[in-house]
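Reading through the structure tokens given below for one structure.
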There are 2 protein chains.
Amino acid sequence: MMEKEITIYDLAKILAISPATVSRALNDHPAINAKTKSLIAEKAAELGYRSNTFASHLRTRKTNTFGVIVPRLNSNFMSTVLAGMEEVANNFGYNLLISQSLESEIKEQANARTMFNSRVDGLLVSVAYDTESFEHFSTFISRNIPVLFFDRVMDHPQCGTVVIDNEQAGYDATSHLLDQGCRRIMHVTGDTRRNVYAHRLEGFKRALAGQNLPLDNQLILQTDLSQEAGRMVAAQIDQMQEKPDGLFIANDLCAAVCMQALKEMGHLVAADIAIVGFNNDPVSQVVSPQLTTVYYPGYQMGKTAMTTMIGQLTGTKSPDNSEAIILRSELIIRRSSIRVGDF
Amino acid sequence: MMEKEITIYDLAKILAISPATVSRALNDHPAINAKTKSLIAEKAAELGYRSNTFASHLRTRKTNTFGVIVPRLNSNFMSTVLAGMEEVANNFGYNLLISQSLESEIKEQANARTMFNSRVDGLLVSVAYDTESFEHFSTFISRNIPVLFFDRVMDHPQCGTVVIDNEQAGYDATSHLLDQGCRRIMHVTGDTRRNVYAHRLEGFKRALAGQNLPLDNQLILQTDLSQEAGRMVAAQIDQMQEKPDGLFIANDLCAAVCMQALKEMGHLVAADIAIVGFNNDPVSQVVSPQLTTVYYPGYQMGKTAMTTMIGQLTGTKSPDNSEAIILRSELIIRRSSIRVGDF
DNA sequence: GTGAAAGCGCTAACAG
DNA sequence: CTGTTAGCGCTTTCAC
């Protein structure tokens, strides 16, 4: 049943050559005769030889594995990013060790420790809601293991980042609502310790300021952007004396639920209240009216992050030469926010 | 900058004891004095010692890592399953090596090879659309590495499976439509080489047969269940002479898009055509009308699969004692299929 | 309860 | 172009 594992020593003995030659041949070392190479490769295949990566890693101190820490796996955006990362990593012969922080810094620290102990060659992180400290990443930095943040990033001189221009996206979304004649716009955001939400909020503010509109703090709601939050926002709007005529929610699923709830309460989407979401989640296309949103290039972000990481590791880029890559995002205008013609 | 890695030899030297004792203490070996244990643990923590997993794996031939191969990472269902797996694995100190087959058997084989070379302790797989051969998994079996299938499974005497009762779910969904008075029900399915689609179809057929309704092959559409497919199905229905009055689509996102398209073409959902989806994707709750669907316990499936795998590995279950675990799924009735009252 | 010593399978000087 | 040799850091018999 249990077949015996065959090693380079077995191959060496059978072929009457040295293990070193076998090792070199298998690694396609230039100094080895092409004939011996193919001879060895053949025999290896025949006997079902597989390299013992641990022995190899033990020597080389490289694992060919990247750690990835994300807040949650089960969001459309994140799984799209991961899909992009996986594709690139796979092409370059790297593996991915994936774990989720479940939006908790504590868990994130534990994940980071596991990654560290697993001796990943590099770490890609999108931080949790409540992460404050950089501490759990500094162990990597001090051992020269590259750390790259994507989407929800931390600011650190030695870490690259891959993001979209959230400020501009927030500005565009808000400006669109202003263009539609909205004058009382509510913004539903997440934890503003996170760049993605903070910057969207800044963009929101800049757009209002551009029209000399006052900033009403009552109209800025910090939530967890869950579906539940969407329902609560709708209930709150329903109760308000002076209702907003525009609504910019930093997450599609939350926005979709909120829109649904508002409709049930008798509000007319677009006419009464124009709505813009964020992410271009599949959900945004199947709600009615279809949801105006910001296209968020998740797959591209994953590919870019991984490419950057590999580039850094293979020395194309110096490891302490951090860089910030900004991907293009784009406002997608759909029916939920079209009011022109109502005037 | 680059801190030196500290080993059990360093600890041994500093504490003037043998490396063997350090190793045993760190692994909580019973034969070691509690005092020496804590002394060693303390020093280890102080110096930032981390176990070199490769050296350890090289000796023990265990990796504490499971491989997971899924068709795609970026589906709500799959990422939910993965989230469940990750939680359990993490609790038991295992890591996850995740890769996607992108619905291609070729890629799946490559993934399996990588997993094999990475010497995963076990493999969890949900197979691709077009997978026919078991070949790429038999290498695992012959080396006694447990292989467990979940959701999209293969039949093999030595592999456990975790699934829902797709036949029953298909039956329930169809029966519900029949209960609503539908007599001409269309079923949109995926590749019927896959158990999940084949069984739902069987349930569909059984429900019709229970009412002595004829089986019209024109009303069974095999598609890839994409959003695009949803649009095509709607177009096709729109063109039909005798239109179906019920529609059972084996995927929520596809169903949601189809429903949307039908509405735009002027068809009345529920009244003209009652619709049932599958998966309880978030999308199903935000479309209007809300979509009747089958709740698919993804998180639970991930947890169960992982628990089973770990149980098998730790010897609770004999490895060649395959088992089939069937999780409960549940029809969730919403507005898209309610016609009672229209008569 | 602790130590000595061998070896897991591979790679990389170094030597020829 | 190929071989010799010495570890990588850990676990684990076998002693004491």
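Lettering follows sequence order; numbering is per chain, from 1. Keep in mind that what you see is a predicted model, and the values were worked out from it rather than measured.
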(message) Tell me the interatomic distance from A/Leu26, atom CG, to C/dT11, atom P, rounded to whole angstroms.
(response) 8 Å
(message) Rounded to whole Å, how long is the line connecting atom CG of A/Asn64 with atom P of C/dT11?
(response) 12 Å
(message) Rounded to whole Å, how long is the line connecting atom CG of B/Asn117 with atom C1' of C/dG9?
(response) 14 Å
(request) For C/dC10, take OP1 and OP2 only and decide whether either is under 4.0 Å from a side-chain N or O of A/Thr60. (result) no
(request) Would you indicate what B/Ser51 reaches in the nucleic acid, counting non-hydrogen atoms under 4.0 angstrom: base, sugar-phosphate, or nothing? (result) sugar-phosphate
(request) Could you tell me the separation between the NE2 atom of B/His29 and the P atom of C/dG3, rounded to a whole number of Å? (result) 13 Å
(request) Examine C/dG3: is either OP1 or OP2 under 4.0 Å from a nitrogen or oxygen in the side chain of B/Ser18? Give yes or no. (result) yes
(request) For C/dT11, take OP1 and OP2 only and decide whether either is under 4.0 Å from a side-chain N or O of A/Ser23. (result) yes
(request) Find which nucleotide of DNA chain D each of A/Arg24 and A/Tyr9 is nearest to by heavy atoms, and output the residue with the more 5' nucleotide. (result) A/Arg24
(message) Which is more 5' along DNA chain C, the nucleotide nearest A/Asn27 or the one nearest B/Ile17? Just name the residue.
(response) B/Ile17
(message) If I take atom CG in residue B/Asn52 and atom C1' in nucleotide C/dC8, what distance separates them, rounded to the nearest angstrom?
(response) 13 Å
(message) Nearest to the side chain of B/Ile32, heavy atoms from C-beta on, is which of C/dT2, C/dC10, D/dC1?
(response) C/dT2
(message) Closest-nucleotide mapping onto DNA chain D: is B/Ala55 or B/Thr21 further toward the 5' terminus? I mean the 5' end.
(response) B/Ala55
(message) I want to check something: taking the side chain as every heavy atom from C-beta on, are B/Leu82 and B/Leu73 in contact at a cut-off of under 4.5 Å?
(response) yes
(message) Side chain of B/Ala20 only, heavy atoms from C-beta on: which candidate in D/dA6, D/dC10, C/dA4 is closest?
(response) C/dA4
(request) Verify, without hydrogens or angle tests, whether B/Ser23 (side chain) and B/Pro19 (backbone) share a donor-acceptor contact under 3.5 angstrom. (result) no
(message) Go nucleotide by nucleotide along DNA chain C from the 5' end; which of A/Tyr49 and B/Ala34 gets its closest nucleotide reached first?
(response) B/Ala34
(request) For B/Leu15 and C/dT2, give me the distance from atom CG to atom P, rounded to whole Å. (result) 12 Å
(message) Can you confirm whether the side chains of B/Tyr49 and B/Glu5 place a donor and an acceptor under 3.5 Å from each other?
(response) no
(message) Given the ring of B/Phe116, does A/Arg50 sit roughly above its face, with NZ or CZ under 6.0 Å from the centre of the six-membered ring and within 45° of the axis?
(response) yes
(request) Could you tell me whether B/Thr53 contacts a base, only the sugar-phosphate backbone, or nothing, with contacts defined as non-hydrogen atoms closer than 4.0 Å? (result) nothing
(message) Looking at A/Arg61 and D/dG9, is any side-chain donor or acceptor paired with a base atom of the opposite kind under 3.5 Å?
(response) no
(message) Check for me whether the distance between the ring centres of B/Phe137 and B/Phe140 falls short of 6.0 Å.
(response) no
(message) Taking the cut-offs as 6.0 angstrom to the six-membered ring centre and 45 degrees off its axis, would you call B/Arg152 and B/Tyr129 a cation-pi pair?
(response) yes
(message) For D/dT2 and A/Thr36 - does any side-chain N or O of the residue sit under 4.0 Å from the phosphate oxygens OP1/OP2?
(response) yes
(request) Measure the distance from CG on A/Leu58 to P on D/dC10 and round it to the nearest whole Å. (result) 9 Å
(message) Using whole Å, what does the distance between atom P of nucleotide D/dG3 and atom CD1 of A/Ile40 come to?
(response) 9 Å
